[in-house]
Amino acid sequence: MSVVLVVNSGSSSLKYQLIDVEAGRALANGLIERIGQAEGHVQHRREDAEHGRDTWDTDEEIPDHDAAFKHMLDAFEAHGPSLESHPPVAVGHRVVQGGSRFVEPTVVTDRVKREIEQLEELAPLHNPANLAGIVAAQQAFPDVPHIAVFDTAFHQTLPPAAYTYAIDRELAAKHQVRRYGFHGTSHRFVSRAAAEFLGQPVEELRMIVLHLGNGASACAVSGGRSVETSMGMTPLEGLVMGTRSGDIDPAVLLHLQRVAGLDTDATDKLLNSQSGVLGLSGHRDMRDLVGAFESGDEAATLALEVYTHRIRAYVGAYAAQLGRVDAIAFTAGVGENSPIVREWSLAGLEGFGVELDTDRNRARGSDVRRISTDASRTAVLVVPTNEELEIARQTLAAVEH
Ligand code: AMP
């Protein structure tokens, strides 16, 4: 059995999964929240094939990431599975921003840590938190390799025409301004799972992956490689999201700075936290938004229309870039669970060979499934994403390399 511990460290939270890579399943997972606040929260869940799942919760003060790892080790010891009988061969870390430097999973060395730190300028909210998790994990697991798996790495295959912004090239180069793209781990996992479901080599397929969760991005995948993606230098560009605007005319910001007195921080807050479907309707969660639409709320209706109109525009643009679309895959919280979003996003595309089957689209399921008609030239799929399993696989591959 090859067991990998996957760690996703935020500034005040730590998520972990202990994964049996060959079986493709989690043995345990946990969430430690409110690190550094007066009262923290630890949740540990054991997934047992024989006995089902058991969950334990405690509230305690967790001053920093070192303490969080200590709580995690205590939880494994108290509730299992035992790390002595299931020792991780490596720890895989999710790192949001790998810049142009990191194109694949990378063994963490002191130099790699310094380079992740240097990328802070591009991801001030995420990279320092990811790094804090790596440092603490190395203390907790000093004898195994630690592998950094970057959200941006899958998109390093983008051609220059797709990643270059049309601004002064020297200024852009000096400040590392270009499209990096995010959700790469998910786009990679889903494109491969879709190919497997279709029974065709990923190298022969051209597809569009729509990762629609709290954050949302589209990716054109040709022959298994990312060739275009909607998030940009930061995870703000592209599709409409829960609280993020996605694409907007940059001059709107200049206008608001002039007429409404918004400074840089207020503009940042507006675009990242107060926009998207929240800004349009007052609801950030797609379930609430659809509920409000169903009860006739006009703002919610417009928000759903704007959200799906944008997706359709990207599908069209990416179809043109790909030249042919064998499959469209919906994934993440909204993509996997919202029939109305899938239906509206692909409405009117029959002429392009995209034909949804209404009943298949409405049927619930937790596995990969086809929701297009048998006659549809493009297969439309729902593919549950599993970023932790993908990180575990890539971690193991990097260790065995
Ligand atoms: P993720 O970032 O992938 O965890 O997705 C989280 C989002 O998925 C939530 O904010 C919800 O808007 C959405 N979501 C989860 N379950 C459902 C559901 N049954 N129907 C519609 N949206 C859902």
Side-chain angles (χ1 to χ4, degrees), residues 6 8-10 13-17 26 29-31 33 43 45 94 96 125-126 151 154 181-191 193-194 209-219 229-231 234-236 238-246 272-295 297 299-308 310-311 329-346 356 358 360-369 371 381-391:
V6 174
N8 183 354
S9 170
S13 71
L14 178 74
K15 287 189 211 150
Y16 59 86
Q17 271 196 25
N29 62 61
L31 171 62
E33 292 175 291
Q43 183 183 76
R45 175 179 288 166
R94 176 174 185 222
V96 167
L125 294 180
H126 294 106
D151 257 12
F154 182 59
F182 297 87
H183 292 142
T185 308
S186 178
H187 287 302
R188 186 177 198 279
F189 178 87
V190 169
S191 51
V209 179
L210 298 165
H211 177 112
L212 311 176
N214 280 324
S217 69
C219 183
T229 194
S230 60
M231 281 179 167
T234 76
L236 180 57
L239 303 179
V240 178
M241 310 182 209
T243 64
R244 287 174 243 166
S245 63
N272 277 300
S273 318
Q274 301 170 329
S275 297
V277 292
L278 175 71
L280 288 170
S281 73
H283 304 286
R284 74 176 67 203
D285 190 301
M286 188 53 73
R287 285 164 287 204
D288 299 335
L289 184 70
V290 171
F293 155 72
E294 284 169 349
S295 51
D297 184 323
T301 307
L302 179 62
L304 255 184
E305 285 171 351
V306 174
Y307 185 93
T308 52
R310 182 82 52 86
I311 295 171
F330 285 92
T331 194
V334 177
E336 291 168 31
N337 295 301
S338 181
I340 190 171
V341 165
R342 297 191 297 252
E343 186 183 321
W344 288 21
S345 297
L346 301 184
L356 271 200
T358 312
R360 287 179 184 169
N361 183 41
R362 288 198 189 139
R364 298 201 145 272
S366 54
D367 293 329
V368 185
R369 55 199 187 274
I371 56 169
L381 309 177
V382 174
V383 181
T385 193
N386 192 338
E387 292 174 270
E388 291 78 14
L389 178 57
E390 180 64 29
I391 291 174

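Whatever order the structure lists ligands and atoms in, that order sets their numbers, starting from 1. We're numbering straight along the sequence, starting at 1. The shown structure was predicted, so the numbers you read here are calculated from the model rather than taken from an experiment.
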Less than 4.5 Å apart, any side-chain heavy atom of Arg342 and any of Ile371? yes
Quick one: are Leu389 and Phe189 in side-chain contact, heavy atoms under 4.5 Å? yes
Heavy-atom distance under 4.5 Å between the side chains of His187 and Ser217, does that happen here? yes
Residue and atom name of the nearest protein heavy atom (relative to atom 18 (C) of ligand 1), distance in Å to one decimal: Asn337 CB, 3.3 Å
Would you call Phe154 and Cys219 a side-chain contact if the rule is heavy atoms closer than 4.5 Å? yes
Can you figure out which of His283, Arg287, Met241 has its heavy atom closest to atom 20 (N) of ligand 1? Arg287
Could you find the nearest protein heavy atom to atom 11 (C) of ligand 1 and give me its residue, atom name and distance? Asp285 OD1, 3.4 Å
Are any of the N or O atoms of Arg284 closer than 3.5 Å to those of ligand 1? no
Which residue holds the protein heavy atom closest to atom 7 (C) of ligand 1, what is that atom called, and what is the gap in Å? Asn214 OD1, 3.9 Å
Which ligand 1 atoms are under 4.0 Å away from a heavy-atom of Ala332? 3 (O)
Contact check: Gly215 vs ligand 1, nitrogen or oxygen atoms, below 3.5 angstrom: no
Considering the heavy atoms of Gly213, write down every atom of ligand 1 situated less than 4.0 Å from one of them. 1 (P), 2 (O), 3 (O), 5 (O)
Please list the nearest protein heavy atom to atom 12 (O) of ligand 1 with its residue and the distance rounded to 0.1 Å. Met286 N, 2.7 Å
Working to the nearest 0.5 angstrom, can you tell me the gap between Thr243 OG1 and Asp285 CG? 12.0 Å
Looking at Arg369, I'd like to know if its CZ atom is crowded, meaning that more than 12 non-hydrogen atoms belonging to other residues, nucleotides or ligands lie closer than 6.0 Å. yes
For atom 23 (C) of ligand 1, closest protein heavy-atom neighbour: Gly333 O, 3.6 Å
If we only count heavy atoms from C-beta on, is the Leu236 to Ser245 side-chain gap below 4.5 Å? yes
Min side-chain heavy-atom separation Glu387-His211 under 4.5 Å: yes
Distance filter under 4.0 Å to Val334 heavy atoms, resulting ligand 1 atoms: 8 (O), 12 (O), 13 (C)
